[in-house]
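Everything on this sheet refers to the single structure shown next.
So that the names make sense, note that chain A is the first sequence line, chain B the second, and so on, each numbered from 1.
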Amino acid sequence: MLLEFMIMCMKLEKEIGKAFSSLSMSNRNGPFKTFSCPLMDSRGMEHEATQLEKQHVHSVYENTAAYFSDLQTKAWPRVRNFLLEQKPGSLVVDIGCGTGKYLSVNSQVYNLGCDYCEGLVEIARKKGDEVLVCDNLNLPFRDQCFNAVISIGVIHHFSTKQRRIKAIKEMARILMPGGQIMIYVWAMEQKNRRFEKQDVFVPWNKALCSRHFSESNQSGDKGGFVHTAKGQDIHPAKLVISECSYQNNLQPETDSKHPRSMDHCLPRACCMKISEEENRFYSALGRSFRSWFFSRSLDESALRKQSDKMKHLKHEGVWANSAVPIQHSRHCSLDLGHHGALLNEQSLDYDDDVFVESLSLKKPQWSPATDAPKDLSLNGGHQNVAQSKGDKSSFINGPVEDRDCICGCNKDGAGKSDASKFFKRTSTTDSTDSALDSAVSVGDQTDAMLDPKAFMRYYHVFREGELSSLVEENVPELQILSSCYDHGNWCIIAERRGT
Amino acid sequence: MKLLTHNLLSSHVPGLRPGGGFPLRIEAAEVRERPVPFNAAFVSRLVPRLRWDALREAAESLGRPSELPPEPTPGYEADEEFLRRLHHVLLEVEVLEGSLQCPDSGRRFPISRGVPNLLLTEDEA
């Protein structure tokens with residue numbers, strides 16, 4: 001029985017793998033194109049994506065904008081240099097300018113900034129910057145009018161690959177031939193460790209904005225934060241937590257047998273109706289501002305849904321395993337390009353990984369490895385988890401419950417199959433106890449100072465080479481000039497082709 | 001919003017004919033003039049990038065009689081008087097309150113506190 005089940009999973013994983021491959025090769029007519037799932041057509045996906053970003057990007061920035069006004073922000077040197085290299089009289093635009101950090105770097109060029117968030121744009125305006133409010137996906141500029149474009153810590157907020165592509169294409173459209181664009185995105189591969197999955201929710205903590213960040217990294221993350229009371233005390237409960245009217249198209253078979261204290265799957269992950277349990281959860285979470293949540297990428301969600309339909313799998317709660325695992329990190333979610341500045345230099349021991357804690361869980365959850373085929377190429381077929389050492393938590397060979405029907409398989413390079421290796425472990429917050437345990441164990445003990453209420457920001461963190469590939473395969477009008485890794489970010493500079 | 005910025009803006013309401021979104025018509029309720037340090041080389045470099053007619057139109061719509069010629073005259077790079085007038089129109093005049101109207105669709109985008117908001121609704125996009 002188990003064997004049959006596993007074989008079914010292997011076949012399914014193959015289909016998923018094929019579909020992923022076709023996703024990444026935009027011109028290919030892959031199996032993906034033959035799927036037609038009424039529940040997840042492209043318009044439906046767009047709506048899901050928009051809703052997710054509304055809740056976990058735009059709403060967060062709007063509600064937290066006030067805290068950025070006295071933040072001493074650091075401009076990335078590479079970005080500064082890029083701007084300073086532009087010829088005098090150039091027209092330069094910062095797409096996703098936030099508070100306008102880069103708009104005063106080079107006074108010899110015309111600096112224009114735009115951002116989706118009115119609150120942040122207001123702050124930039126008060127500094128005297130020329131700014132406007134608009135959408136990266138629909139830039140209100142005529143074609144080919146800018147000499148240079150920068151996109152610093154922006155496109156990792158787009159929740160689907162197609163949207164990320166569209167954002168880049170829009171920016172390419174407004175670039176003059178010969179004009180250059182610099183793009184910075186948060187990297188999956190961080191110093192000493194990596195995000196385990198690419199689609200994550202990262203809590204924001206208002207206490208962090210009270211700090212004045214120095215140029216050097218903090219020597220320790222314990223007790224390093226000073227919480228200064230801010231006059232304007234935004235209550236996340238009022239602003240973020242609201243009735244989630246967001247319809248869950250991805251999970252028609254709502255699994256009522258498995259009530260969750262927290263909706264984890266996309267789009268439900270965005271539901272911020274905070275219950276009692278969740279409150280405890282967030283309180284514990286707040287004790288470690290370094291924690292983040294994983295979400296499933298919308299691309300993956302859509303794919304799985306279609307695979308499921310195709311396979312006529314019986315299951316309840318397709319997204320049972322989309323329970324969002326919590327993994328602490330040393331990174332602060334506060335960005336505007338600053339993750340690097342806040343990166344804790346201390347090395348992380350993988351034993352700190354919350355997944356280890358959840359070994360005690362009775363109900364392990366399974367999920368397909370994200371971008372499994374890509375993993376093969378990037379990681380030489382090794383299991384793509386951030387557990388190069390201490391693999392104890394990565395493989396669980398245990399009974400798989402009926403509802404955990406979607407199993408992830410990471411084929412190893414040699415093509416050998418080892419059943420136990422096929423299942424990538426994710427922890428589950430189905431049991432908030434485990435979550436609480438995990439959160440507490442992370443251990444920033446001087447957390448009375450930290451705000452227990454955190455906003456969750458969505459990120460798609462990029463693997464090495466992903467940004468370049470995205471551009472090469474989908475934005476032929478751009479030619480990549482250089483790429484690098486900079487303080488936890490992948491960065492590329494590309495030029496608009498043509499004369 | 002400065003007029004240089006305005007010169008770069010185009011309506012992106014879907015379904016417009018090519019070029020149909022430019023230039024946006026300015027309806028200004030409040031305009032301000034603020035001095036900006038003059039940089040001849042800077043202004044001179046901007047000239048080829050500008051949509052000249054749209055710029056003149058914009059200046060006139062703000063009630064400022066256009067001091068600009070119908071076209072940049074050859075040798076403008078050395079014409080300081082021309083460059084100063086251009087500098088003034090491009091950089092020293094700001095629309096603080098008002099709206100921008102798409103010429104084709106009629107859709108209006110607000111300008112408030114000097115910031116234009118060009119977001120479309122989800123339905124529009």
Checklist entry - Does A:R173 come within less than 4.0 Å of A:E477, counting only side-chain N to carboxylate O? => result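 No, this pair does not count.
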Checklist entry - For B:E71, what residues pass the side-chain hydrogen bond (donor to acceptor under 3.5 Å, both in side chains) criterion, not counting sequence neighbours? => result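 Not a single residue meets the side-chain hydrogen bond (donor to acceptor under 3.5 Å, both in side chains) criterion with B:E71.
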Most chain B-contacting option - heavy-atom pairs closer than 4.5 Å, from [options]:
{"options": "A:E118, A:E122, A:Q144", "answer": "A:E122"}
{"options": "A:C145, A:C114, A:P140", "answer": "A:P140"}
{"options": "A:L137, A:V109, A:L139", "answer": "A:V109"}

Checklist entry - Within the distance-only criterion (no hydrogens, no angle test), does the side chain of A:S151 pair as donor or acceptor with the backbone N or O of A:V154 below 3.5 angstrom? => result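 The answer is no, because no donor-acceptor pair under 3.5 Å joins these two groups.
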Item to check | B:V95: side-chain contact (heavy atoms from CB on, under 4.5 Å) partners, not counting sequence neighbours | outcome: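 With neighbours one apart ignored, the set is B:M1, B:I26, B:A28, B:L62, B:I111.
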With a 4.5 angstrom heavy-atom cut-off, is it the side chain or the backbone of [X] that approaches chain A, or both, or neither?
{"X": "B:S11", "value": "neither"}
{"X": "B:L50", "value": "backbone"}
{"X": "B:N117", "value": "both"}

Next on the checklist: Tell me whether the rings of A:F201 and A:H56 are parallel (<30°), tilted (30 to 60°) or perpendicular (>60°).
Outcome noted: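 Plane angle between 30° and 60°, so tilted.
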Next on the checklist: Parallel, tilted or perpendicular, judged at 30° and 60°: which one describes the rings of B:W52 and B:F82?
Outcome noted: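 Ring orientation, 0 to 90° scale: parallel.
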Do [X] and [Y] have side-chain N/O donor and acceptor atoms under 3.5 Å apart?
{"X": "A:D199", "Y": "A:Y458", "result": "yes"}
{"X": "B:R49", "Y": "A:N147", "result": "yes"}
{"X": "A:Y61", "Y": "A:H157", "result": "yes"}

Next on the checklist: Check for me whether the distance between the ring centres of A:F158 and A:H460 falls short of 6.0 Å.
Outcome noted: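 Ring centroids of A:F158 and A:H460 are no less than 6.0 Å from each other.
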Next on the checklist: Please output the residues of residues 86-93 of chain A in contact with chain B, using a heavy-atom cutoff of under 4.5 Å, in numerical order.
Outcome noted: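 Residues A:P88, A:G89, A:L91 are the ones that qualify, each having a heavy atom under 4.5 Å from chain B.
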Checklist entry - Which of residues 124-133 of chain A have a heavy atom under 4.5 Å from any heavy atom of chain B? => result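 Interface residues of residues 124-133 of chain A: A:R125, A:E130, A:V131, A:L132, A:V133.
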Next on the checklist: For B:Y76, run the side chain to side chain contact (heavy atoms under 4.5 Å, CB included) check against B:V43, B:V47, B:L86 and tell me which one passes.
Outcome noted: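 Running side chain to side chain contact (heavy atoms under 4.5 Å, CB included) over B:V43, B:V47, B:L86 with B:Y76 returns exactly one hit, B:V47.
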Checklist entry - Heavy-atom count around B:R32 CZ within 6.0 Å, excluding the residue itself: above 12? => result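 Yes, CZ of B:R32 has more than 12 neighbouring heavy atoms, counting only those of other groups under 6.0 Å.
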Next on the checklist: How about NZ on A:K169, more than 12 heavy atoms from neighbouring residues, nucleotides or ligands closer than 6.0 Å, or not?
Outcome noted: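 For A:K169, atom NZ is crowded (more than 12 foreign heavy atoms under 6.0 Å).
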Checklist entry - Highest number of heavy-atom pairs under 4.5 Å with chain A: which of B:L24, B:V13, B:L4? => result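 Among B:L24, B:V13, B:L4, the one with the most close pairs to chain A is B:L4.
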